[in-house]
There are 2 protein chains.
Amino acid sequence: MKERALRMTRQRKLILEEMRRVKRHLSADEVYAIVRKRLPRISLGTVYRNLEILSELGEIRKLEYSGSVMRFDWNPENHYHIRCMQCGRIDDAPIPPLVDIEREVRGVTDYQINGHHFEFVGLCPSCSEKSTDYMADKLRKLI
Amino acid sequence: MKERALRMTRQRKLILEEMRRVKRHLSADEVYAIVRKRLPRISLGTVYRNLEILSELGEIRKLEYSGSVMRFDWNPENHYHIRCMQCGRIDDAPIPPLVDIEREVRGVTDYQINGHHFEFVGLCPSCSEKSTDYMADKLRKLI
DNA sequence: CTACATGCAAATGCTTTGCAACCTA
DNA sequence: TAGGTTGCAAAGCATTTGCATGTAG
């Protein structure tokens with residue numbers, strides 16, 4: 001394993017800037033759409049590569065939740081999220097992290113615990129307007 | 001929305017049987033490999049379709065966590081999991097579900113809460129043997 | 001200068017789907 | 001016998017990767 005000498009390229013800088021500016025939980029594609037306005041020749045591959053590197057550096061955070069598309073959080077601080085099961089929108093959850101919960105399982109399990117993930121799932125304001133109770137009930141099974 | 005008259009085909013029955021027999025958290029591909037021993041002409045598409053239907057019926061449970069492959073739990077009861085960040089193996093977590101936590105955010109958020117997901121991440125026994133502390137530290141960033 | 005990074009396009013890998021034939025109720 | 005279900009193959013889609021070229025340090 002050798003050290004790597006990372007470079008602050010125009011692309012990398014711009015991606016980080018825009019993530020911090022819009023302060024949303026963006027997918028790679030959304031980041032691509034946003035940075036392309038200022039750097040039209042940037043490629044989607046570059047966006048993916050940089051989002052990966054920036055999260056390894058701890059500048060942003062890759063959200064390890066369910067859902068078909070990967071999302072990235074401009075805020076690398078440890079916090080929970082709430083996800084719309086209909087449209088995939090993600091917001092911060094209004095509860096603090098459960099700091100002691102990992103201690104409860106250490107020793108009880110033969111896994112080496114490194115962390116935990118938590119998210120609420122539900123319907124965002126705009127999706128719950130559209131959904132009837134019946135639909136919500138159908139969807140509940142799929143959580 | 002009309003009722004559907006589902007049928008218990010040989011394929012569907014076998015998939016459910018095998019899930020309940022092996023009692024592991026299987027991917028579609030693993031289920032495919034297992035049921036193929038008894039029904040060699042079954043197709044992967046059929047496995048996917050049935051896993052989907054069986055989870056809608058509540059017979060099994062689709063695991064909505066991160067990771068590139070979808071996994072299914074033979075046990076549809078509400079419980080948490082612990083996932084190996086190296087090999088993707090999943091086991092049940094030895095803590096009971098946080099029954100009251102959803103109440104904490106209702107009203108505080110404008111989302112309509114329908115549930116929550118929780119998982120521990122770490123290294124399974126066999127992967128933690130292989131990993132050095134350095135590696136585990138590298139990986140910790142990627143949680 | 002020299003590696004790391006980029007743009008582009010092709011490749012990958014999991015999952016879904018269209019369709020004709022098949023089978024369960 | 002109706003219509004849900006299957007096998008097969010093709011399509012879909014997010015993400016990754018190979019490679020020649022570009023560029024930050």
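The basis for the numbers below is simple: all heavy atoms, side chains too, and nothing from hydrogens, waters or symmetry mates. Labels below follow one simple rule: chain letters A, B, ... track the order of the sequence lines, proteins then strands, and each chain is numbered from 1. The model shown is predicted, which means the values in this text are computed figures rather than measured ones.
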Under 4.0 Å, counting only non-hydrogen atoms across every strand here, what does [X] touch: a base, just sugar-phosphate, or nothing?
| X | answer |
| --- | --- |
| N50(A) | sugar-phosphate |
| R41(A) | sugar-phosphate |
| S68(A) | sugar-phosphate |

Rounded to whole angstrom units, what separation is found between the [atom1] atom of [X] and the [atom2] atom of [N]?
| X | N | atom1 | atom2 | value |
| --- | --- | --- | --- | --- |
| E52(B) | dT16(C) | CD | C1' | 10 Å |
| L39(B) | dC8(D) | CG | P | 11 Å |
| L51(A) | dT17(D) | CG | C1' | 17 Å |
| M8(B) | dT5(D) | CE | P | 10 Å |
| E30(A) | dC13(D) | CD | C1' | 15 Å |
| K13(A) | dA5(C) | NZ | P | 16 Å |
| L44(A) | dC13(D) | CG | P | 15 Å |
| R36(A) | dT6(C) | CZ | P | 16 Å |

Tell me whether the OP1 or OP2 atom of [N] has a side-chain N or O from [X] closer than 4.0 Å.
| X | N | answer |
| --- | --- | --- |
| S43(A) | dC8(C) | no |
| R49(B) | dT16(C) | no |
| Y48(A) | dT15(D) | yes |
| Q11(B) | dG7(D) | yes |

Is E17(A) salt-bridged to K13(A), cutoff N-O under 4.0 Å? yes
For R20(B), is there an ion pair with E59(B) - N to carboxylate O distance below 4.0 angstrom? yes
Can D92(B) and Y80(B) be counted as having a side-chain donor-acceptor contact under 3.5 angstrom?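 Per modelled atom types, D92(B) and Y80(B) side chains form no pair under 3.5 Å.
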With respect to the side chain of A28(A), which nucleotide from dG7(C), dT15(D), dA5(C) is positioned closest?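 Closest of the options to the side chain of A28(A): dT15(D).
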Residue R7(B), side-chain heavy atoms: nucleotide from dG7(D), dA5(C), dT5(D) that is nearest: dT5(D)
Other residues, nucleotides, ligands: >12 heavy atoms within 6.0 Å of R10(B) CZ: no
Residue pair T9(A)/I42(B) against DNA chain D: nearer the 5' end by closest nucleotide is I42(B)
First encountered from the 5' end of DNA chain C, between R10(B) and M70(B): M70(B)
Whichever of R12(A) and T46(B) has its nearest DNA chain C nucleotide further upstream toward 5': R12(A)
Could you check if a side-chain atom of R89(B) sits within less than 4.5 angstrom of a side-chain atom of C124(B), using non-hydrogen atoms only?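 SC-SC contact between R89(B) and C124(B) confirmed.
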